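In what follows, chains are A, B, ... by sequence order, proteins preceding strands, each numbered from 1. What you see is a predicted model, and the numbers here were worked out from it, not measured in a lab.
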Number of protein chains: 2
Amino acid sequence: MKIVTQADIARRLGCSQQAVGFALNNYRNSKVSLRPEKRQLILETATKLGYVPNRAARRLTRARFRKPVNEMDLVGLIYFGSADVDLDPVCIAMMSGAEHELSKFHASLTFVRAGESSDWEKVERLERAGSVDGWLLVGPVTDEVVDHLKPGKLPFVILGDHRCTQPVHAVNVDHMAAGRLAVQHLASLGHRRIACLGTGMQYLYQRQTLEGFRSAIKEFGLDDDERLLGDCSTWKNVVGKDIMDWLREPDPRPTAVFFSEPGMAFELCQILKDLGLEVPGEISVLGFGSPFPGAKRGNITYIELPMNEVGCQGALLLQRIAAALPHSFGTQVEPGLDSRMGFSEIKISPSLIEGRSTQSRQNDESKN
Amino acid sequence: MKIVTQADIARRLGCSQQAVGFALNNYRNSKVSLRPEKRQLILETATKLGYVPNRAARRLTRARFRKPVNEMDLVGLIYFGSADVDLDPVCIAMMSGAEHELSKFHASLTFVRAGESSDWEKVERLERAGSVDGWLLVGPVTDEVVDHLKPGKLPFVILGDHRCTQPVHAVNVDHMAAGRLAVQHLASLGHRRIACLGTGMQYLYQRQTLEGFRSAIKEFGLDDDERLLGDCSTWKNVVGKDIMDWLREPDPRPTAVFFSEPGMAFELCQILKDLGLEVPGEISVLGFGSPFPGAKRGNITYIELPMNEVGCQGALLLQRIAAALPHSFGTQVEPGLDSRMGFSEIKISPSLIEGRSTQSRQNDESKN
DNA sequence: CTGAAAGCGCTTACAG
DNA sequence: CTGAAAGCGCTTACAG
């Protein structure tokens, strides 16, 4: 594969190499001007010859002018997690989304796994080798991690749940909204007694989901009964046992259950069936999460957590931060996005995917 | 972060920049020679100042001499799979292994998702931008994919199962050996009637596993009974139903079941329990796969498919192929690894992780 | 407005 | 043996 250069195009058209570079890149501070037709001709020739800017050369030139990156072409995704545990599918979904978004502006994503502290060397090497323009962080990111990254001066954005107390750029799913959406949907179907079954309050997302759930219950004036909030953290071991006990407890029984833990609603439906409860006839089930095994299989209504979208937005935010860094020349800095810029905490709204597990009886019959 | 260059080191020591480059890289054809002490001094200074070779500059220099890569620093992993399906954990495990191995020689891995044909543009752009040194391919790789990649002249290695008919460099788990290992382990525990439960013969790995299983059954002179080979492709819908029927069918009943599909042995144990069969008292269970949810939870003996290792070995193979490409100068080419080199099909052996689901009764009691 | 030049950091070829 | 130079492809500053 022959590498096509700006010089090749210039030779071909009998113009200067600089004119080609200018036509292709629109150097912001260049005093060069080109007639539109000529510009057009250059662009056409470039595509015809299959010109792709050489990343290495660009990078090297950047180094010369000690100019911070304003168009990233390589973003590193640091995955924090021990090497002997399988990669979290949620993190992988975010990675996938980020790659998709980056590819739109011809940037790519480098995967870096950081399991132990010695892996910081990898990260630092990439920074020193000048081959990465910014970082996306996924996993249990702590203040310590952030402090480690700051001296490198590269922009970074945290994707998903994290454990930082200092202000950072971050993108995550709006878990409060998810809890609220669950209630809102079930309430709109006429339910007034809605149960919420989770696996504890250990993680922030669990507390946030529950908070959203409870505030919506109050807001809509539904049954605010403590006994409707269940915990099934042990269900993995004793399949169904504790859940059955809990389901028998509240009187009257709820007409709908929101299962606020990703991906287990399918099993819940089985258990309800075993208990002799018809879904959705006697009890509606609303699931939660993405990726969600069994959602299609069981045709379950669920709240989708768009983790791909978190990755996409993270990549975009990183791009924005980079574009806002001060340039070496006098271009106007995008207002509010330079060093005085506040840190962005972007929240992505969940959406609801309708299945049959929340259909009212009439609808169910009319469709059969 | 200040970038430290060879020139910085040279200035500091009052020697030539070329001497520094030579000390650090051992340019193979250079006529330069250095006194060991001087060399040592340079290396020490380099580490003290935190010197890391600038990738972009290296790449650019490579372009000058039109020399094929012999030390890769950026490998692209192309993941073939539709964008709306979650990433396969098996592929992700291979990616993780590859990244780990690459990081050992200071190379990194770029993730490229190719779901539709338009994504070829991404791949080609990376090649034309000169920013990738080789490819690792995961997913349903076909001859068509390979043909698409060949003109780029970059070395590539396929990881895991694929659908190519032409000779390629590939690394995969040895599924035949997995089937054999299952029988061997159970036979060594005294079992003579071993069942094998899978989910069909659709995929090559399924046929291979079964082939290994059957050949070992014959080899060890165990019960070679067709009825011991079960299929539960429908079990996802009708939990347990068909499997129960099948388990009742052979008479006498098997004393052990090898579940030849990744990751469902835990559920199988539940079903056996429901059937009133004690594990491992009345029937032993041997699982299969990696990642394997529930293996630890259920303390199940299983055959581990080391997908990480597949990734590692793939990265190493790619490195070897690159190193064997002809150089522009007269260095000896590693024998048998240049263009006349055969294509490598590396098979990684699975290993067995012992749990309690295959313990004999005596052992079980003695441990309680 | 256009063209020639400088130089990023590196590896190699060439001259003393 | 050592040193100065060439040049990869690009972006920017400088001169006509």
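Screening R55(A), K153(A), R62(A) for a salt bridge (Lys or Arg N to Asp or Glu O under 4.0 Å) with D133(A), the sole residue that qualifies is R62(A). The side-chain contact (heavy atoms from CB on, under 4.5 Å) test with F156(A) singles out one residue from V146(A), V141(A), I321(A), and that residue is V146(A).
The side chain of N54(A) has dC10(D) as its nearest neighbour among dA13(D), dC10(D), dT11(C). Checking dT11(D), dC10(D), dC10(C) against every side-chain atom of R64(A), the shortest atom distance belongs to dT11(D). For L60(A), the side-chain atoms get nearest to dG9(D) when compared with the rest of dT11(C), dC10(D), dG9(D). Between dG9(D), dA4(C), dC10(C), one nucleotide has an atom nearer to the side chain of Y51(B) than all others, and that is dC10(C). Of the candidates dA13(D), dG9(D), dT11(C), dA13(D) carries the atom nearest the Q18(A) side chain, counting heavy atoms from C-beta on. Picking from dC10(C), dT11(D), dA4(D) the nucleotide with the shortest atom distance to the side chain of R58(B) gives dC10(C).
No N or O donor and acceptor, one from the side chain of Q6(A) and one from the base of dG9(D), sit under 3.5 Å apart.
Atom CZ in R62(A) sits roughly 11 Å away from atom C1' in dT11(D) (whole-Å rounding). F22(A) places its CZ atom 15 Å from the C1' atom of dG3(C), with the value rounded to the nearest Å. If you measure from atom CD1 of I42(B) to atom C1' of dT2(D), you get 12 Å, rounded to the nearest angstrom. Look at CZ on R55(A): it is 18 Å from C1' on dC8(D), rounded to the nearest Å. The interatomic distance linking I3(A) (CD1) with dG9(D) (P) rounds to 7 Å, in whole Å. Regarding R128(B), its CZ atom lies at a distance of 14 Å from the P atom of dG9(D), rounded to whole Å. Here the P atom of nucleotide dA4(C) and the CZ atom of R11(A) are 13 Å apart, to the nearest Å. Atom pair R39(B):CZ and dC1(D):C1' shows a separation of 16 Å (rounding to whole Å applied).
Within the shown strands, dC1(C) is the pairing partner of dG16(D) under the Watson-Crick or G-U definition, both distances less than 3.5 Å.
Both A57(B) and S16(B) sit near DNA chain D, but only S16(B) has its closest nucleotide nearer the 5' end. Nearest-nucleotide assignment on DNA chain D puts the 5′-proximal partner with Q17(B), out of A63(B) and Q17(B).
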V138(A) and M95(A): side chain to side chain contact (heavy atoms under 4.5 Å, CB included), yes or no, with the steps? CA-CA 9 Å; V138(A) 299; M95(A) 180 178 85; over 6 Å; no
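Atom-to-atom distance recorded for L102(B):CG and Q319(B):CD is 7.5 Å, nearest 0.5 angstrom. Taking CG from L317(B) and CD1 from I346(B), the interatomic distance works out to 4.5 Å, rounded to the nearest 0.5 Å.
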